[in-house]
Amino acid sequence: MNRLAGHVSPSMTANSETRIYPRKLLRGQARIALPGMSAMRAKTIDVSLGGLCLMVPEQISPGKICNVGFEAPLNGKMVRVFAVGKVVYSILAGTEGFRTGLQFTEVDAANNKLLAEVML
């Protein structure tokens, strides 16, 4: 488990550009699942070692814990990364849906390794 992935500075807010980890643009497919609900399709916007920004069709309340799986390019092919995250913000972004930020709270060793390689 990546313990650092769950760390967020107390001064970090949805509108803050102060980040612990650098972000990388990532345009691809994702699925997000909240307990007791069917998984939703989503689109990735950017990723870091600490979290993920997605466009989702429905607003998700901040603080909700969810499972997320997303595709990312690595060595010329797409890999699937899985993690557990906490919703930090979910903001209406016009007709496209809700721009939603997740802070990773649990990333197993294999997925943490994939994520680190994707971020290179």
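The model shown is predicted, which means the values in this text are computed figures rather than measured ones.
- Within the model, atoms CG of Leu92 and CD of Gln59 stand 7.5 Å from one another, a figure rounded to the nearest 0.5 Å.
- Side-chain N or O atoms of Ser48 include one that pairs as donor or acceptor with a backbone N or O of Gly51 at under 3.5 Å.
- Put simply, Tyr21 and Leu52 are part of the same group of oily side chains (I, L, V, M, F, W, Y) that touch within less than 4.5 Å, one to the next.
- Here the side chain of Asn111 pairs a donor or acceptor atom with the backbone of Phe82 at under 3.5 angstrom.
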Inset, instruction - Mind running side chain to side chain contact (heavy atoms under 4.5 Å, CB included) on Phe70 and Leu115 for me, showing each step along the way? - result: CA-CA 11 Å; Phe70 60 95; Leu115 187 55; 4.1 Å; yes

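- Rounding to the nearest 0.5 Å gives a distance of 9.0 Å between CE of Met55 and NZ of Lys43.
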Inset, instruction - In sequence, state the C-alpha distance, the side-chain angles, and the governing distance for Val81 and Val107, and then conclude on side chain to side chain contact (heavy atoms under 4.5 Å, CB included). - result: CA-CA 9 Å; Val81 180; Val107 182; 5.7 Å; no

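- Through direct or relayed side-chain contacts under 4.5 Å between Ile, Leu, Val, Met, Phe, Trp and Tyr, Ile65 connects to Val84.
- When the side chains of ILVMFWY residues are joined at heavy-atom separations under 4.5 Å, either directly or via intervening members, Val87 and Leu34 end up in a single hydrophobic cluster.
- Counting heavy atoms from C-beta outward, Arg99 and Ser90 have side chains that stay 4.5 Å or more apart.
- For CZ of Arg41, the number of neighbouring non-hydrogen atoms (other residues, nucleotides, ligands) closer than 6.0 Å is 12 at most.
- Both Leu74 and Leu49 sit in one connected hydrophobic cluster of ILVMFWY residues. Membership requires side-chain heavy atoms under 4.5 Å apart, directly or through other members.
- With values rounded to the nearest 0.5 angstrom, Lys113 atom NZ is found 12.5 Å from Asp108 atom CG.
- Residues Pro22 and Met119 come closest through the heavy atom pair O-CE, 3.3 Å.
- With a 4.5 Å cut-off on side-chain heavy atoms, Leu54 and Ile45 do not count as touching.
- The hydrophobic cluster containing Val118 does not contain Met78, counting ILVMFWY residues as joined when their side-chain heavy atoms lie under 4.5 angstrom apart, directly or transitively.
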Inset, instruction - Decide side chain to side chain contact (heavy atoms under 4.5 Å, CB included) for Leu102 and Val88; before the verdict, give the C-alpha distance in whole Å, the side-chain angles of both, and the deciding distance to 0.1 Å. - result: CA-CA 6 Å; Leu102 295 180; Val88 178; over 6 Å; no

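- Between Leu26 and Cys53, every side-chain heavy-atom pair lies at or beyond the 4.5 Å cut-off.
- Between Pro57 and Met40, the closest side-chain pair of non-hydrogen atoms falls below 4.5 Å.
- With sequence neighbours excluded, the residues forming a side-chain contact (heavy atoms from CB on, under 4.5 Å) with Ala39 are Arg31, Ala33, listed by chain and number.
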Legend entry - side chain to side chain contact (heavy atoms under 4.5 Å, CB included) between Leu25 and Arg27, intermediate numbers included: CA-CA 7 Å; Leu25 288 178; Arg27 302 291 194 254; 3.8 Å; yes

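- Under the 4.5 Å side-chain heavy-atom criterion for ILVMFWY residues, a single connected hydrophobic cluster contains both Val79 and Phe104.
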